[in-house]
Amino acid sequence: MKENFRVYNWKGNVSRLWYYFMMVSTLGSRMNQRMNYIKHNEDLIWSYYVPKYFHDFKNAGFEDGYRFSMEFNCDELMKLNNGQLPFGCHGWSKPMFRNFWKPYIQQFGYKI
């Protein structure tokens with residue numbers, strides 16, 4: 001009987017406020033998990049799924065891509081780009097890429 005009193009009166013509701021708060025505060029992430037059924041990297045989503053369903057969407061070609069940004073095989077891509085730096089780079093601070101990008105960043109006066 002005492003349990004029912006706590007559940008159905010205002011004190012019971014107040015004691016469960018933390019639960020209601022947690023439900024509301026995590027609503028966005030829970031909805032995103034349920035709605036995001038494509039479990040892929042965003043690069044794959046933009047390069048494969050978006051053009052598949054939106055036929056007016058166009059991806060850049062390989063040459064435009066490595067002129068815009070580089071991540072893997074940067075030494076080969078720099079050769080293809082005649083030694084010119086791209087507009088941007090992905091993951092330059094990751095340990096596996098740091099040695100490649102360090103001289104270029106230091107040319108601009110930054111220390112790594």
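All values derive from a computational prediction rather than experimental measurement. Sequential numbering from 1 along the given sequence is applied to the chain's residues.
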Verdict with reasoning, W101 to C89, per side chain to side chain contact (heavy atoms under 4.5 Å, CB included)
CA-CA 9 Å; W101 289 110; C89 60; 3.4 Å; yes
Write down the atom of P51, the atom of W46, and the distance for their closest heavy-atom approach.
CD-O, 3.3 Å
As an exercise, state the distance from [atom1] of [X] to [atom2] of [Y], rounded to the nearest 0.5 Å.
| X | Y | atom1 | atom2 | result |
| --- | --- | --- | --- | --- |
| K52 | S47 | NZ | OG | 12.0 Å |
| E63 | N81 | CD | CG | 10.5 Å |
| D64 | N59 | CG | CG | 11.0 Å |
| M70 | M78 | CE | CE | 5.5 Å |
| S93 | I105 | OG | CD1 | 8.5 Å |

Tell me, do N73 and Y66 make a side-chain contact under 4.5 Å, heavy atoms counted?
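They are not in contact (no side-chain heavy atoms under 4.5 Å apart), so the answer is no.
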Indicate the ring-plane relationship of Y104 and F100, choosing parallel, tilted or perpendicular according to the 30° and 60° boundaries.
tilted
What class does the angle between the rings of F97 and F72 fall in, given that below 30° is parallel, 30 to 60° is tilted and above 60° is perpendicular?
perpendicular
Hydrophobic cluster identity match, F87 and W92, side-chain contacts under 4.5 Å:
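As far as the 4.5 Å side-chain criterion goes, W92 and F87 are not connected within one cluster.
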Is there a path of hydrophobic side-chain contacts, each under 4.5 Å between heavy atoms, that joins V50 and F62?
no
Does Y48 have more than 12 heavy atoms from other residues, nucleotides or ligands lying within 6.0 Å of its OH?
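Not buried by this count: 12 neighbours or fewer within 6.0 Å.
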For residues 81-96, pull every pair meeting salt bridge (charged side-chain N to carboxylate O under 4.0 Å, His left out), keeping only residues two or more places apart or in separate chains.
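Sorted result for residues 81-96: E71-K94.
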